[in-house]
Amino acid sequence: LLRCNVRDLITLPGVRPQDDWRPLRAVERAWLGSEAHRLYFRNHTGPDYRTEVWLSQTFAFEECDVLVQGRLDGMTPAGSGWIVEEVKSTPLRGDDLKAIRPDVSHIEQCGLYCVLAARGGEAVTGGRIVYVTLAGDDFQPHDIEYDGATWEALLDARLRALIARHEEAERLRIQRLEMAARMEFPFPEIRPVQASLLGEAEDAARQGLSMLCSAPTGAGKTIAALYPYTRETLRENGRLFFATARISQQALAIETLNQLAPKGAVGLGMQLRAKERSCPREVMQCLQSVCPYIRDFAGKLERSEVVKDLLEEGVVDADRIEEAALIEELSPYELSIVLAERMAVVVADLNYVFDPRIALRRLLGENVYLVVDEAHNLPDRARGYYSPRMDMTRMDQLIVDCRELALFPGFGFQRPEHTVFARGAELLQTVRDEFDRMLRIFEEEQEPSPFFVERPEKEFFQELAVRLESLIAEYYLFLAGNPA
């Protein structure tokens with residue numbers, strides 16, 4: 001039985017949303033989107049409107065049974081039948097909202113929901129994509145013609161593509177088993193220190209144990225760790241993260257993987273470069289309306305052979321990924337994320353495993369092995385992750401800058417005090433005032449000292465976090481509406 005949802009049929013593995021919501025975190029996207037949906041349903045639909053309709057269909061397809069599930073946004077009555085609606089929130093307003101054209105993935109999603117609803121016995125007469133403003137006060141509908149045969153053909157084509165991906169994954173699993181069987185230690189002699197480490201690392205990998213190793217520089221720790229862990233990763237069809245603090249160590253790990261790679265290796269390993277360092281533009285703005293490397297990313301990726309070609313090279317460093325991405329006008333970082341879904345070994349900075357803000361949690365699920373190189377660097381990094389600092393001089397300058405930008409006529413939505421910059425200045429001033437208050441208390445209650453130690457008010461920062469999340473979302477939406 002092949003289980004899938006409608007989203008599986010319209011997206012490629014590893015391809016993340018590339019719309020103008022992209023810079024927002026998942027929680028911010030979800031909150032803003034759900035609120036826009038709620039307001040649309042409340043303000044612009046009638047009493048017979050059906051919201052969030054769950055669909056589930058099981059049927060035979062070629063040589064297997066298929067279960068397709070999904071939840072469509074709404075169904076509105078139309079004569080003797082129903083129009084299936086797919087509701088999408090957008091930061092656009094006014095003339096920009098009226099000029100919006102439906103995204104291909106949105107059209108396909110709506111059409112596939114029409115098919116599932118019709119198969120479930122609903123009298124479907126058409127589809128509609130509705131783009132709703134964040135405030136829910138305006139919307140722009142686009143009707144989609146429902147031709148049952150056309151959308152049934154699309155469903156069949158996407159199911160074949162999904163089955164082909166599963167078959168490709170099974171072939172890759174078999175290839176990994178073969179690579180593990182053919183992988184050999186690349187040097188004629190094993191040093192005494194390496195012999196001990198190889199045995200311990202192999203036992204730890206197979207038993208799922210944690211292991212801490214200390215050895216002098218030049219003892220061959222990298223190969224002694226990568227060899228057993230890479231083989232075990234291949235045997236178990238898992239993923240190995242090799243995390244290190246230094247770029248030079250990343251290069252050494254990629255060189256080691258090349259030495260380990262048996263002839264004909266496919267999808268063995270890759271280097272993941274930091275997003276800021278891999279961006280080819282002078283100013284990094286990951287917005288589809290601004291960046292040509294993000295625009296139509298999924299379409300360009302599907303039309304190219306770049307993923308297949310890079311996998312067949314066996315081991316690829318960040319420079320090779322960037323070179324291949326720019327030829328196809330793709331974001332090097334987003335292409336790296338797609339590749340990481342398919343590679344056995346990912347070599348990356350410590351941040352992508354441990355930093356709570358940017359860790360690739362989706363790639364750190366089950367059946368994942370982790371090698372931390374030069375782990376003595378990790379405590380300082382960890383302290384940095386969880387030890388925020390505030391520079392008052394910089395904050396004062398930000399307050400001034402935000403107030404000046406709030407008065408810029410091109411940024412005003414209604415009145416200057418309603419701009420995102422005015423709200424930013426207000427929030428920053430609130431923080432500044434709180435620290436000034438704390439400092440006055442310290443000076444009054446404690447002896448003169450170059451340092452003061454005091455626990456901050458937890459409730460203040462909890463409330464501040466809520467306001468900040470909302471402000472960050474507003475700021476990115478502002479960027480989407482003002483790309484210049």
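These numbers come from a predicted model, not from an experiment.
Atom CD of E463 is surrounded by 12 or fewer heavy atoms from other residues, nucleotides or ligands within 6.0 Å. No more than 12 heavy atoms of other residues, nucleotides or ligands sit less than 6.0 Å from atom CD1 of I247. Other residues, nucleotides and ligands contribute at most 12 non-hydrogen atoms within 6.0 Å of the CZ atom of R3.
Under a 4.0 Å N-O distance rule, the pair K308/E312 qualifies as a salt bridge. Using a cutoff of 4.0 Å between basic side-chain nitrogens and carboxylate oxygens, R423 and E426 are not scored as salt-bridged. Under a 4.0 Å N-O distance rule, the pair R303/E328 does not qualify as a salt bridge. Between K88 and E86, at least one side-chain nitrogen of the basic residue sits less than 4.0 Å from a carboxylate oxygen of the acidic one, meeting the salt-bridge criterion. Under 4.0 Å is where a charged nitrogen must lie from a carboxylate oxygen, and between E168 and R171 no such pair does.
Note that CZ of R176 is 5.0 Å distant from CG of N237, once rounded to the nearest 0.5 Å. Rounding to the nearest 0.5 Å gives a distance of 12.5 Å between CZ of R239 and CG of L234. The line from CG of D8 to CD of Q69 is 10.5 Å long, rounded to the nearest 0.5 Å. If you take CG on L257 and CZ on F242, they are separated by 8.5 Å, rounding to the nearest 0.5 Å. To the nearest 0.5 Å, atom OH of residue Y131 and atom CD of residue Q140 are 10.5 Å apart. If you take SG on C114 and CG on L154, they are separated by 11.5 Å, rounding to the nearest 0.5 Å.
Of the possible donor and acceptor atoms, none in the side chain of K275 sits under 3.5 Å from a partner among the backbone N and O of E334. In this structure, T133 contributes its side chain and D137 its backbone to a donor-acceptor pair below 3.5 Å. When atom types are taken as modelled, the side chain of R361 and the backbone of P356 share a donor-acceptor pair closer than 3.5 angstrom. Formation of a donor-acceptor pair under 3.5 Å by the D73 side chain with backbone atoms of V87 is found in this model. For Y229 (side chain) and Y369 (main-chain N/O), no donor-acceptor pair under 3.5 Å exists by modelled atom type. Using a distance-only test at 3.5 Å, with no hydrogens or angles considered, no donor-acceptor pair links the side chain of D355 to the main chain of Y352.
Taking all atoms of both residues into account, the shortest heavy-atom contact from P280 to Y293 is CG-CE1, 3.5 Å. The heavy-atom pair separating W151 from E145 by the smallest distance is NE1-O, 3.2 Å. The two residues R281 and P292 have their closest heavy-atom pair at NE-CD, 4.1 Å. Here the shortest heavy-atom pairing between A425 and C402 reads CB-CB, 3.8 Å. Taking every heavy atom of both residues into account, S105 and I10 meet most closely at O-CD1, 3.9 Å. The two residues S89 and H37 have their closest heavy-atom pair at N-CE1, 4.4 Å.
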(message) Test side-chain contact (heavy atoms from CB on, under 4.5 Å) on N367 and E236; report intermediate values, then the result.
(response) CA-CA 8 Å; N367 209 20; E236 295 298 320; 4.0 Å; yes
(request) Go through I144 and E108 one step at a time and tell me if the side-chain contact (heavy atoms from CB on, under 4.5 Å) criterion holds. (result) CA-CA 10 Å; I144 306 299; E108 292 183 352; over 6 Å; no
(message) Go through it in stages, so that I can follow the logic: the residues are L350 and L378, the test is side-chain contact (heavy atoms from CB on, under 4.5 Å), and I'd like the CA-CA distance, side-chain angles, deciding distance and then a yes or no.
(response) CA-CA 8 Å; L350 295 171; L378 187 54; 4.3 Å; yes
(request) Decide yes or no on side-chain contact (heavy atoms from CB on, under 4.5 Å) for L310 and L335, but give the supporting numbers first. (result) CA-CA 10 Å; L310 290 173; L335 177 58; 4.1 Å; yes
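Here the side chains of V338 and V307 are in contact, with some heavy-atom distance below 4.5 Å. Between R173 and L177, the closest side-chain pair of non-hydrogen atoms falls below 4.5 Å. The closest side-chain heavy-atom distance from E62 to L159 is not below 4.5 Å. Put simply, the side chain of W82 does not reach to within 4.5 Å of the side chain of V53, judged on heavy atoms. With contacts defined as side-chain heavy-atom distances shorter than 4.5 Å, the pair C64/L1 does not qualify. L2 is listed as a side-chain neighbour of I163, based on a closest heavy-atom distance under 4.5 Å. Taking the side chain as every heavy atom from C-beta outward, D296 and E329 never approach each other to under 4.5 Å. Taking 4.5 Å as the limit, some side-chain heavy atom of V371 sits within range of a side-chain heavy atom of L240.
Across D317, I321, D319, a single residue satisfies side chain to side chain contact (heavy atoms under 4.5 Å, CB included) together with R273, and that is D319.
Side-chain contact of E85 with Y40: a donor-acceptor pair under 3.5 Å is present, judged by distance alone. Using modelled atom types and a 3.5 Å distance limit, the side chains of R381 and N351 yield a donor-acceptor pair.
For R119 and F59, the positive end sits near the middle of the six-membered ring, less than 6.0 Å away and at most 45° from its axis.
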